[in-house]
Amino acid sequence: FLQLKLWNKYRVSNIPSLIFIDAATGKVVCRNGLLVIRDDPEGLEFPWGPKPFSEVVAGPLLRNNGQTLDSTALEGSHVGVYFSAHWCPPCRSLTRVLVESYRKIKEAGQKFEILFVSADRSEDSFKQYFSEMPWVAVPYADEARRSRLNRLYGIQGIPTLIVLDPKGDVITRQGRVEVLNDVECREFPWHPKPVLELTDSNAVQLNEGPCLVLFVDSEDDGESEAAKQLIQPIAEKIIAKYKAKEEEA
């Protein structure tokens, strides 16, 4: 029972997983401990606490026409950090949708950029995949920076789209779900909702922690709305409680 509680608490979805915790506060310091000990075997960066996005991403970025620009070009924009690879079929499917979403958001006058962090197995594969993308990427050869971004967000699977506000703070880790659920991008930048209607695309969140699922008569719009009004204030209270502790609900 204790093992199950720990798996749920730290959202462990695969093994081996190594998570570093601050013993004084109980807060997670780093989710991707395996990458940490691979990248820093001497412990020079101990205690491996999270760094600001601007610091981790610092350096040159690429466009698919070969043009380079500095990461400071991302400042002042919402940023989608996109972990993906050509060998992964769900990634390629999401990329096709994401290209259209990116175009719509930019055409609406929003300051938005996407940063591709590749998990491809070769530079040629990276170049082929990146040629389909209208945004920027971390150079494939810069494996250390790609690894640091994976560590920063505790990436355990792809595709993953993390949406950041202009300050570099996380708005949502569920960018993939949001893009698929909101193809017209009307709700960009996709601040999390306390209550969601369960769909095929957002059902993945059921695997990420305790959930309350309320079943109602879908043919009765009045019943659905009444149910939402019933659980909305409860959900908002829970979210506010975790936000005060600076933790994910």
Side-chain angles (χ1 to χ4, degrees), residues 7 10-19 28 30-36 38-39 50-53 56-57 61 74 77-102 105 112-121 125-126 129-130 132-133 135-138 140 142-165 168-183 185 187-193 196 199-209 211 248-249:
W7 276 64
Y10 297 114
R11 295 179 171 85
V12 176
S13 59
N14 55 18
I15 54 173
S17 286
L18 177 60
I19 298 171
V28 173
C30 175
R31 292 187 177 278
N32 268 9
L34 295 174
L35 283 178
V36 166
R38 187 195 74 180
D39 294 349
K51 297 179 179 177
F53 169 71
V56 176
V57 78
L61 304 177
L74 300 176
S77 296
H78 286 87
V79 177
V81 189
Y82 184 36
F83 299 85
S84 186
H86 188 262
W87 54 260
C88 161
C91 293
R92 296 199 300 274
S93 297
L94 179 60
T95 296
R96 287 191 289 271
V97 178
L98 193 54
V99 167
E100 286 304 306
S101 299
Y102 178 79
I105 293 166
F112 180 53
E113 193 53 74
I114 293 177
L115 175 66
F116 172 41
V117 183
S118 173
D120 287 293
R121 293 167 177 158
S125 179
F126 161 76
Y129 193 30
F130 187 41
E132 305 168 14
M133 302 178 184
W135 42 75
V136 299
V138 176
Y140 185 80
D142 196 343
E143 185 176 351
R145 192 160 33 139
R146 291 192 288 121
S147 183
R148 286 196 298 271
L149 284 161
N150 273 274
R151 281 164 46 190
L152 179 61
Y153 297 114
I155 302 303
Q156 295 189 0
I158 57 173
T160 295
L161 178 65
I162 311 282
V163 182
L164 311 179
D165 68 16
D169 296 328
V170 174
I171 292 176
T172 179
R173 300 177 59 87
Q174 301 293 337
R176 175 190 182 184
V177 171
E178 298 293 353
V179 165
L180 295 175
N181 276 350
D182 181 27
V183 292
C185 306
E187 298 181 7
F188 174 83
W190 302 304
H191 288 279
K193 296 185 183 70
L196 294 173
T199 66
D200 288 345
S201 56
N202 67 27
V204 65
Q205 295 179 72
L206 295 173
N207 297 324
E208 297 187 358
C211 295
E248 286 186 60

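As a basis for the values below, the full set of heavy atoms in this structure was taken, side chains included, without hydrogen atoms, waters or symmetry mates.
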Worked verdict on W135 versus V99 for side chain to side chain contact (heavy atoms under 4.5 Å, CB included) = CA-CA 9 Å; W135 42 75; V99 167; 3.8 Å; yes
query = Can you check side chain to side chain contact (heavy atoms under 4.5 Å, CB included) on Q174 and N202, steps first, answer last?
reply = CA-CA 9 Å; Q174 301 293 337; N202 67 27; over 6 Å; no
inquiry  = Donor-acceptor check, side chain of R146 to backbone of Y140, threshold 3.5 angstrom: yes or no?
reply    = yes
ask   = So F188 and W190, would you call those rings parallel, tilted or perpendicular, with 30° and 60° as cut-offs?
value = perpendicular
query = Is a side-chain N or O of S147 found less than 3.5 angstrom from the main chain of E143, in a donor-acceptor match?
reply = no
query = Are any of the side-chain heavy atoms of R148 and K51 separated by less than 4.5 Å?
reply = no
key: Spatial distance of atom CG (L18) from atom CZ (R38) [nearest 0.5 Å]   = 13.5 Å
Smallest separation among heavy atoms of C30 and V36, with atom names = SG-CG2, 3.4 Å
query = Would you find a donor on one side and an acceptor on the other, under 3.5 Å apart, between the side chain of N32 and the backbone of L35?
reply = no
key: Evaluation steps, side chain to side chain donor-acceptor pair (under 3.5 Å), between T95 and Y82   = CA-CA 9 Å; T95 296; Y82 184 36; 2.7 Å; yes
ask   = To the nearest 0.5 Å, what is the distance between CD1 (I155) and CZ (F83)?
value = 4.0 Å
Ring geometry between Y129 and F116 (parallel below 30°, tilted from 30 to 60°, perpendicular above 60°) = perpendicular
task = Could you walk me through whether V170 and L164 pass the side chain to side chain contact (heavy atoms under 4.5 Å, CB included) test, one step at a time?
result = CA-CA 4 Å; V170 174; L164 311 179; 3.8 Å; yes
query = Parallel under 30°, tilted from 30 to 60°, perpendicular over 60°: which one fits the rings of F112 and Y102?
reply = tilted
request  = Considering non-hydrogen atoms only, spot the tightest contact between H78 and D165 and give its length.
outcome  = CD2-CA, 3.8 Å
ask   = Are P16 and L34 side-chain neighbours, meaning at least one heavy-atom pair lies under 4.5 Å?
value = yes
key: Closest contact, heavy atoms only, S101 versus V183   = OG-O, 4.5 Å
CG on D142 to CG on L149, rounded to 0.5 Å = 9.0 Å
query = When rounded to the nearest 0.5 angstrom, what distance separates CG in L152 from CZ in F53?
reply = 8.5 Å
key: Closest contact, heavy atoms only, R31 versus G154   = CB-CA, 3.9 Å
query = Does a sphere of radius 6.0 Å around CG in D169 hold more than 12 heavy atoms from other residues, nucleotides or ligands, not counting ones at 6.0 Å or beyond?
reply = yes
ask   = Between R173 and Y153, is there a donor-acceptor pair closer than 3.5 Å when you use the side chain of the first and the backbone of the second?
value = yes
message = Before you tell me yes or no, could you show the steps for R151 and D39 under side chain to side chain contact (heavy atoms under 4.5 Å, CB included), namely the whole-Å CA-CA distance, both residues' side-chain angles and the distance that decides it to 0.1 Å?
response = CA-CA 10 Å; R151 281 164 46 190; D39 294 349; 3.5 Å; yes
remark   = Residues C91 and A85: closest non-hydrogen pair is CB-O, 3.3 Å
query = Can you find a heavy atom in the side chain of V177 that is under 4.5 Å from one in the side chain of L196?
reply = no
query = Say you draw a straight line from OG of S84 to CG of L161; how long is it, rounded to the nearest 0.5 Å?
reply = 9.5 Å
inquiry  = So for atom CD, which belongs to E132, do other residues, nucleotides or ligands contribute more than 12 heavy atoms lying within a distance under 6.0 Å?
reply    = yes
query = When rounded to the nearest 0.5 angstrom, what distance separates CG in L180 from OG1 in T199?
reply = 9.0 Å
